[in-house]
Amino acid sequence: MASARFSVSFAGPLVTFQDAGRPGNMRYGVAASGPMDRLAFGAAHAALGNKSGGSAIEISLGGLMLQCTEGTVTVAITGGDFVVEHAGQKTISWTTLTVRKGEKLAIRAGKAGSWAYLAFAGDLASETWLGSQATHASSGFGGGVLQSGQALVVADAAVREEREGEIAQPEFASDGAMRVVLGPQDQYFTATAMEHLLNEQFTVSDAYDRMGMRLNGPVLEMQSALSIPSEPIIRGSIQVSGDGVPTVLLADHQTTGGYPKIATVISCDTDRLTQLRVGQKIRFTSVSSQQAVDAARDDAQQKAKYLDQISIARGTLAQRLMRENLIHGWADD
């Protein structure tokens with residue numbers, strides 16, 4: 001099959017190659033990385049009918065502009081509410097379209113969201129590290145951070161006209177407060193700190209990247225100075241530094257750390273957490289471990305159902321027109 005090639009005209013900061021990540025390598029002290037919004041990443045591949053495990057480009061608020069220099073390929077853009085410009089037309093993310101030689105594709109920050117995903121109907125070539133194309137942004141290990149002037153190659157590029165058009169967005173994601181399981185060091189914080197965590201509002205600070213999201217808000221004080229052995233950390237951990245400032249750890253989080261962790265955001269709320277922007281407000285609410293497990297199971301079932309639904313091709317434009325009853329009557333002059 002033919003390949004498609006692109007030239008990167010512009011790439012903002014933190015535009016990276018990502019795949020599902022390398023969680024199995026965390027036992028070696030290697031960050032799992034992977035997409036910040038895992039559902040949006042999966043939706044881009046599902047909408048194209050791609051097999052799971054492929055790579056895509058994760059786009060931050062800085063945006064991305066590509067020009068197709070060879071071939072033709074269908075792409076999907078998901079995540080947030082970004083602005084997509086292609087062939088003189090402007091639309092929003094959550095769309096599938098076909099890019100041809102000579103055409104430009106621009107993806108820019110829109111009304112909402114911090115991360116968008118660009119997947120291709122084909123195999124996007126990039127470097128691998130420990131068997132994964134997922135990029136650890138601060139080190140550059142993995143597929144890497146995209147740079148202006150860089151060339152992209154999509155092997156086995158395919159045109160999937162039957163998949164073009166709007167991608168249905170997920171409707172099952174919870175809204176409101178972020179759910180957390182308290183601990184594992186919550187007992188070392190003052191009662192006032194726990195009240196602040198669960199009853200006060202926090203704001204996303206400008207110290208926000210793929211490693212973590214620092215929050216502005218009430219100070220979370222400990223009862224006394226605490227020194228704990230370095231221990232494993234997971235995505236969603238809310239660690240608190242000595243000045244009482246909380247940070248939610250995200251995709252590129254370190255594998256171990258010695259700061260006390262007051263709570264952990266449950267896995268099915270981290271995707272929507274990452275799509276918040278600087279200045280947006282956050283509240284937390286406590287759930288039990290069992291409630292977190294039940295929520296994760298329900299979320300996994302709904303995600304699977306959603307991805308299956310959007311993976312069904314709608315048919316080409318001609319096929320869709322044939323399915324519609326376009327003639328409701330006729331008049332004889």
Task: Residues which pass salt bridge (charged side-chain N to carboxylate O under 4.0 Å, His left out) with Asp19, listed by chain and number, not counting sequence neighbours - done: none
Task: Residues in side chain to side chain contact (heavy atoms under 4.5 Å, CB included) contact with Arg100, at least two apart in sequence or another chain - done: Thr72, Thr98, Glu103
Open item on the list: Any side-chain to backbone donor/acceptor pair from Arg314 onto Arg163? Under 3.5 Å, distance only.
Closed with: yes
- [ ] With the side chain counted from C-beta on, respond yes when Ser3 and Glu70 share a heavy-atom pair under 4.5 Å apart, and no when they do not.
- [x] yes
Task: Under the side chain to side chain contact (heavy atoms under 4.5 Å, CB included) test, residues paired with Ser93 that sit two or more places apart - done: Ile77, Phe82
TODO: Scan for ring pair (Phe, Tyr, Trp, His ring centres under 6.0 Å) pairs involving residues 231-257, sequence neighbours excluded, and state none if there are none.
DONE: none
Task: Residue list, side chain to side chain contact (heavy atoms under 4.5 Å, CB included) with Lys281, at least two apart or on another chain - done: Gln201, Thr203
- [ ] Check for a donor-acceptor pair, side chain of Arg235 on one end and backbone N or O of Val248 on the other, with a separation under 3.5 Å.
- [x] no
Task: Under the side chain to side chain contact (heavy atoms under 4.5 Å, CB included) test, residues paired with Thr285 that sit two or more places apart - done: Ala177, Arg179
- [ ] Output all residues satisfying side chain to side chain donor-acceptor pair (under 3.5 Å) with Ser60, sequence neighbours left out; order by chain, then residue number.
- [x] none
Open item on the list: Looking at Gln309, I want to see if its CD is surrounded by more than 12 non-hydrogen atoms of other residues, nucleotides or ligands under 6.0 Å.
Closed with: yes
Open item on the list: The criterion is side chain to side chain donor-acceptor pair (under 3.5 Å); which residues satisfy it with Thr128, sequence neighbours excluded?
Closed with: none
All N/O donor-acceptor pairs, side-chain side in residues 26-33, below 3.5 Å, sequence neighbours left out:
residue	atom	partner	partner atom	Å
Arg27	NH1	Gly24	O	2.2
Ser33	OG	Asp252	OD1	2.8

Side-chain donor-acceptor distances from residues 187-197 under 3.5 Å, at least two apart:
residue	atom	partner	partner atom	Å
Thr190	OG1	Ala193	N	3.0
Thr190	OG1	Glu221	O	3.4

Task: Heavy-atom check, side chain of Met213 versus side chain of Leu273, under 4.5 Å - done: yes
Task: Contacts of type ring-ring contact (aromatic ring centres under 6.0 Å, His included), residue Phe17, not counting sequence neighbours - done: none
Task: Contacts of type side chain to side chain donor-acceptor pair (under 3.5 Å), residue Asn216, not counting sequence neighbours - done: none
Task: Salt bridge flag under 4.0 Å for residues Asp271 and Lys303 - done: yes
